[in-house]
Amino acid sequence: MAFSKVSTKKVYELIAEQLKDHIVGGGWKAGDKLPSTKELSEQFQVGRSTMREALSALKAMGLIEIRHGEGCFVRSVDSADLRLTQFESLLLNRKTVLELLEARKALEISNAALAAEKRTADDVAEFEKLMANMEDGIGDEERGEAADIRFHRLLAEATHNSIMVKLLESISSQMEMAIRETRRIQMYSSKEVSLRLWREHAAIFEAVKAGDAAAAQERMREHLHHVEQVLLRYLGGDMKPRDR
């Protein structure tokens with residue numbers, strides 16, 4: 001009796017492949033807005049969480065941009081951009097998560113120092129608005145997570161280096177996928193943890209605002225060490241962060 005190979009791919013991966021083929025084939029062009037998550041969920045007959053994972057996978061490939069409150073839009077990318085952002089060959093397991101954490105740490109510590117040296121008055125004003133919003137949303141998981149993502153994006157933008165922004169987007173997208181693969185943690189569900197994270201971000205911002213590159217680096221290093229500890233507790237096993 002002949003048996004056919006069983007696919008080990010998850011549902012969201014199969015959906016992502018279909019959407020990718022549709023984009024690459026010209027079904028949606030650069031700038032086009034994709035149907036809403038609700039509409040796509042109904043078309044594929046899957047839950048919205050599965051659909052969001054599929055869209056996050058497309059974002060990680062560099063094919064779409066997710067604009068909070070607006071929807072998903074097809075990006076205009078060339079082959080070089082795709083090579084930079086498409087990490088499909090990575091096996092998103094615990095070892096890869098650790099490697100992503102190390103890469104993020106190296107990048108964000110550098111971003112903190114550069115931002116402290118190059119931030120403008122406009123950058124500082126944007127940070128101040130975000131910090132107020134972040135403080136007001138302490139204990140609100142969804143709002144806190146969105147503000148956290150925005151903080152690190154603003155920091156990258158404050159370096160005034162477009163490559164740093166692209167690198168952060170690539171690593172962040174992969175982290176989102178990797179965390180989902182390991183039962184994505186709810187860091188902002190606890191008011192106590194949320195408050196600590198706000199204080200860490202505030203300390204980074206104050207160093208950036210003061211133009212103190214060394215302090216900004218150290219505050220970022222401490223923040224990422226904390227985040228790394230939380231992540232690794234959820235990952236379990238003998239995975240340990242390498243030197244701080």
Side-chain angles (χ1 to χ4, degrees), residues 52 55-77 81 84-87 100-138 140-180 184-185 187-188 194 197-209 213 216-217 219-224 226-228 231:
R52 282 193 290 269
L55 293 171
S56 289
L58 290 182
K59 177 184 173 185
M61 296 175 203
L63 292 173
I64 67 168
E65 175 186 2
I66 300 177
R67 302 176 192 167
H68 293 289
E70 296 183 48
C72 300
F73 296 82
V74 178
R75 288 187 60 208
S76 175
V77 293
D81 286 329
L84 178 65
T85 58
Q86 191 168 353
F87 286 71
L100 286 166
L101 285 169
E102 289 180 332
R104 181 189 177 192
K105 187 188 298 183
L107 177 66
E108 296 234 52
I109 289 173
S110 295
N111 279 353
L114 275 175
E117 294 169 356
K118 299 173 68 177
R119 85 283 180 274
T120 65
D122 286 343
D123 294 326
V124 171
E126 284 297 312
F127 269 117
E128 287 177 337
K129 285 191 291 186
L130 177 63
M131 294 311 301
N133 181 54
M134 187 181 282
E135 183 178 19
D136 189 50
I138 288 174
D140 183 325
E141 180 187 333
E142 186 174 345
R143 189 172 169 184
E145 185 180 18
D148 192 325
I149 292 169
R150 178 64 180 151
F151 179 92
H152 292 278
R153 169 72 189 223
L154 272 180
L155 192 71
E157 291 175 350
T159 68
H160 297 278
N161 183 317
S162 62
I163 301 300
M164 290 300 202
V165 175
K166 287 184 178 180
L167 286 171
L168 178 70
E169 288 177 345
S170 298
I171 292 174
S172 295
S173 295
Q174 287 300 314
M175 280 301 303
E176 286 178 21
M177 290 178 66
I179 291 170
R180 282 195 177 95
R184 187 172 186 169
I185 62 170
M187 291 189 70
Y188 279 92
S194 185
L197 290 170
W198 176 80
R199 287 172 176 161
E200 290 171 359
H201 284 98
I204 295 167
F205 164 61
E206 289 301 329
V208 169
K209 181 179 178 180
Q217 283 185 308
R219 298 294 84 76
M220 178 62 79
R221 184 178 287 108
E222 291 169 353
H223 167 59
L224 293 180
H226 170 215
V227 172
E228 192 174 64
L231 263 174

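The only option from Val74, Ile66, Leu63 that meets the side chain to side chain contact (heavy atoms under 4.5 Å, CB included) definition with Leu58 turns out to be Leu63.
Going from atom NZ of Lys59 over to atom CZ of Arg52 covers 13.5 Å, rounded to the nearest 0.5 Å. Of the inter-residue distances, the one linking Leu197 atom CG with Arg199 atom CZ reads 11.0 Å to the nearest 0.5 angstrom. Put simply, CD on Glu102 and CD1 on Ile171 are 11.5 Å apart, with the number rounded to the nearest 0.5 Å. The CG atom of Leu107 sits 9.5 Å away from the CG atom of Leu114 when rounded to the nearest 0.5 Å. The CZ atom of Phe151 sits 11.5 Å away from the CH2 atom of Trp198 when rounded to the nearest 0.5 Å. Separating the CG atom in Asn111 from the CG atom in Leu155 is a distance of 5.5 Å, to the nearest 0.5 Å.
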task = Check the pair Glu126, Glu157 against side-chain contact (heavy atoms from CB on, under 4.5 Å), reporting the backbone distance first and the verdict last.
result = CA-CA 11 Å; Glu126 284 297 312; Glu157 291 175 350; over 6 Å; no

request  = Kindly determine whether Glu128 and Val124 satisfy side-chain contact (heavy atoms from CB on, under 4.5 Å), including the steps that lead there.
outcome  = CA-CA 6 Å; Glu128 287 177 337; Val124 171; 3.9 Å; yes

ask   = Could you go step by step and tell me if Val227 and Arg104 meet the side-chain contact (heavy atoms from CB on, under 4.5 Å) rule?
value = CA-CA 11 Å; Val227 172; Arg104 181 189 177 192; 4.2 Å; yes

task = May I have the step-by-step check of side-chain contact (heavy atoms from CB on, under 4.5 Å) for Met220 and Gln217, ending in yes or no?
result = CA-CA 5 Å; Met220 178 62 79; Gln217 283 185 308; 5.9 Å; no

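The backbone N or O of Thr120 sits less than 3.5 Å from a side-chain atom of Asp123, completing a donor-acceptor pair. Using a distance-only test at 3.5 Å, with no hydrogens or angles considered, no donor-acceptor pair links the side chain of Arg219 to the main chain of Ala207. Panel note: side chain Arg221, backbone Ile109; no donor-acceptor pair is recorded below 3.5 Å.
Contact check for His223 versus Glu108: no side-chain heavy atoms found under the 4.5 Å cut-off.
Smallest separation of non-hydrogen atoms from Val208 and Ala112: CG2-O, 4.0 Å. Closest of all the heavy-atom pairs between Leu168 and His152 is CD2-O, 3.1 Å. Listed here is the closest heavy atom pair of Thr159 and Ala115: CG2-N, 4.0 Å.
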